There are 2 protein chains.
Amino acid sequence: MTATKQIQNLADKTFATLCSAIITGEIKAGSKISEPELSAQLHVSRASLREAIGRLEACKLVTRKANIGARVISLSQQSLLEIYQIREALEGMAARQAAENASHKEITQLHQLLEHHNKETQKINGARYFQHTGDLDFHYHVVQCSHNQHLINLLGKDLYHLMRMYRYQFGSVSQRVAPALEEHSYVIHAIQAGDGELAELLMRNHIRRSRDNIMTLISEPLS
Amino acid sequence: MTATKQIQNLADKTFATLCSAIITGEIKAGSKISEPELSAQLHVSRASLREAIGRLEACKLVTRKANIGARVISLSQQSLLEIYQIREALEGMAARQAAENASHKEITQLHQLLEHHNKETQKINGARYFQHTGDLDFHYHVVQCSHNQHLINLLGKDLYHLMRMYRYQFGSVSQRVAPALEEHSYVIHAIQAGDGELAELLMRNHIRRSRDNIMTLISEPLS
DNA sequence: TAAAACATAATTGTCGACAATATTTGACTT
DNA sequence: AAGTCAAATATTGTCGACAATTATGTTTTA
């Protein structure tokens with residue numbers, strides 16, 4: 001899909017490893033990160049490890065205190081709410097700019113993506129598939145269409161990991177797969193029509209509904 | 001004003017030093033960063049320096065390529081435009097949440113800040129003062145009032161330095177100090193009234209006007 | 001003369017060791 | 001027995017050195 005990962009240094013690989021481990025919960029949320037322990041476990045020097053930890057801090061997956069060390073962030077409903085509010089603002093703007101800047105080719109790809117997701121969700125376990133990759137995929141592509149490089153970096157590199165972490169660890173499979181897909185369709189049509197104002201409005205509504213859904217699921221744990 | 005800077009390690013200090021140097025243009029935009037040179041100049045080991053550079057990368061002041069090194073970002077009109085668009089979305093949301101969450105005390109402080117800025121701009125060179133610190137100050141405080149910690153970090157720690165860099169190096173003194181102060185006043189009143197919808201709208205308009213002003217000044221350099 | 005290939009120099013990446021700080025352990029006092 | 005202080009231990013911060021990669025400059029060749 002995207003360009004193949006170019007050669008990367010040890011710190012990059014270590015960052016990728018830790019990133020997955022934190023997102024999936026293999027390294028527990030709220031736990032302390034021990035440099036000697038991890039450095040031995042990953043067969044990496046502390047220097048490379050520390051650089052990796054620095055990047056984890058940059059994308060908000062860990063917090064660091066001087067002379068004390070790094071901790072994986074703790075998940076909370078409040079924090080998740082804040083992230084959704086930021087996404088509403090940022091992805092709303094992304095949708096607006098996508099309507100202004102997306103090429104014909106990109107719009108075609110958006111339609112294809114939507115169709116692909118529709119087919120996938122008809123299969124068994126489609127809901128889960130959609131929840132874990134499909135939805136983020138759609139949002140990712142809309143952001144790309146904005147052609148706003150700062151926005152792409154902010155959402156794609158900084159907030160993306162956080163969102164995935166919450167999906168993995170908080171993530172009950174959503175009951176609103178069908179409505180979400182329909183809302184995606186509306187957004188795409190507004191983008192295709194070049195109506196930035198409408199695209200922003202629809203995207204914001206979509207994210208707000210998604211947020212409300214998650215929040216009620218969390219505050220009333222049913223299982 | 002804010003809490004006094006607590007004890008910090010060498011990497012922190014080095015980051016602060018480089019941050020200023022880059023923002024003010026002492027280290028020229030687009031120039032390459034030589035680790036041996038800087039490490040000797042600042043009397044700091046390369047390890048500490050590299051950690052500082054990592055943080056510069058995190059707040060987008062430098063870009064890094066594997067095995068090649070770090071470069072200070074290049075300033076461009078396009079990039080500045082993108083930053084303003086992100087600020088419009090993010091600070092609009094901040095104003096909305098400030099209207100919902102700000103305490104009476106914080107609102108009083110906003111009024112005091114506005115009054116202070118009004119007085120300052122009546123003095124000689126007030127326009128320059130306002131341009132370089134006052135305006136950012138107001139926006140900073142509104143963001144604080146949102147009580148959204150993620151938003152505060154994103155705007156305050158990540159985007160703040162970038163904005164200052166553009167102000168310093170692109171920054172002709174604005175001709176719209178008075179209108180800007182008036183717009184600030186409107187935003188504060190909406191926040192005080194608890195009208196989030198209006199506060200967001202007013203803040204977005206304010207930032208958009210500020211953006212348009214800068215953009216025309218840049219594309220028609222008058223001096 | 002221009003371009004390719006090689007050798008040299010400089011820069012970034014990686015590592016282990018030492019110093020400074022924080023945490024734990026344990027003895028001692030009240 | 002509980003609390004406090006001090007020594008001991010472990011963790012983070014900092015450094016200089018070596019390895020790998022990239023940039024430079026020279027020579028060789030078409």
Side-chain angles (χ1 to χ4, degrees), chain A residues 3-22 26-74 157, chain B residues 3-22 26-74 157:
Chain A
T4 160
K5 266 274 163 59
Q6 57 194 9
I7 50 131
Q8 51 189 6
N9 52 29
L10 251 185
D12 279 322
K13 294 180 202 162
T14 306
F15 167 76
T17 302
L18 291 179
C19 209
S20 306
I22 290 176
E26 189 180 336
I27 298 179
K28 272 174 275 191
S31 66
K32 180 159 177 3
I33 292 199
S34 163
E35 293 184 4
E37 183 184 329
L38 271 184
S39 129
Q41 191 174 327
L42 300 177
H43 306 287
V44 171
S45 79
R46 274 186 56 224
S48 300
L49 175 64
R50 279 169 66 83
E51 185 171 335
I53 293 177
R55 298 195 202 174
L56 291 175
E57 186 187 18
C59 60
K60 273 83 181 175
L61 290 179
V62 308
T63 58
R64 245 175 159 176
K65 284 180 186 171
N67 293 318
I68 290 181
R71 288 197 100 81
V72 180
I73 57 163
S74 301
K157 293 203 166 76
Chain B
T4 157
K5 266 275 165 62
Q6 57 194 8
I7 49 133
Q8 51 188 6
N9 52 29
L10 250 185
D12 280 321
K13 294 180 203 164
T14 308
F15 167 76
T17 302
L18 291 180
C19 209
S20 303
I22 290 176
E26 191 180 335
I27 298 178
K28 273 175 272 189
S31 65
K32 182 162 177 356
I33 291 199
S34 164
E35 293 184 4
E37 182 184 330
L38 270 184
S39 127
Q41 190 174 329
L42 300 177
H43 306 287
V44 172
S45 79
R46 272 186 57 224
S48 300
L49 175 64
R50 278 169 66 83
E51 185 171 335
I53 293 177
R55 298 196 201 172
L56 291 174
E57 185 187 19
C59 59
K60 274 84 179 172
L61 290 179
V62 308
T63 58
R64 245 174 158 176
K65 284 181 185 171
N67 293 318
I68 292 183
R71 290 196 98 82
V72 180
I73 56 162
S74 301
K157 292 204 167 74

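These numbers come from a predicted model, not from an experiment.
Side-chain N/O atoms of B:S45 include one lying less than 4.0 angstrom from OP1 or OP2 on D:dC15.
Listed by chain and number, the residues in a side chain to side chain donor-acceptor pair (under 3.5 Å) with A:K157 are A:N153 (sequence neighbours excluded).
In terms of heavy atoms, B:L49 sits closest to B:S39 at CD2-N, 3.7 Å.
In this structure, CZ on B:R55 lies 4.0 Å from CG on B:D12, to the nearest 0.5 angstrom. Note that CD1 of B:I33 is 4.5 Å distant from CD1 of B:I22, once rounded to the nearest 0.5 Å.
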Could you write out each protein N or O paired with an N or O of nucleotides 8-13 of chain C at a distance under 3.5 Å?
unit_1, atom_1, unit_2, atom_2, d
C:dT12, OP1, B:K32, NZ, 2.8
C:dT12, OP1, B:I33, O, 3.2
C:dT12, OP2, B:E35, N, 3.3
C:dG13, OP1, B:N67, N, 3.1
C:dG13, OP2, B:R50, NH1, 2.5
C:dG13, OP2, B:R50, NH2, 3.2
C:dG13, N7, B:R46, NH2, 2.8
C:dG13, O6, B:R46, NH1, 2.9

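In this structure, the CG atom of A:L38 is 13 Å from the C1' atom of D:dT11, given to the nearest Å.
For residues 36-46 of chain A, the salt bridge (charged side-chain N to carboxylate O under 4.0 Å, His left out) pairs, not counting sequence neighbours, are A:E35-A:R46.
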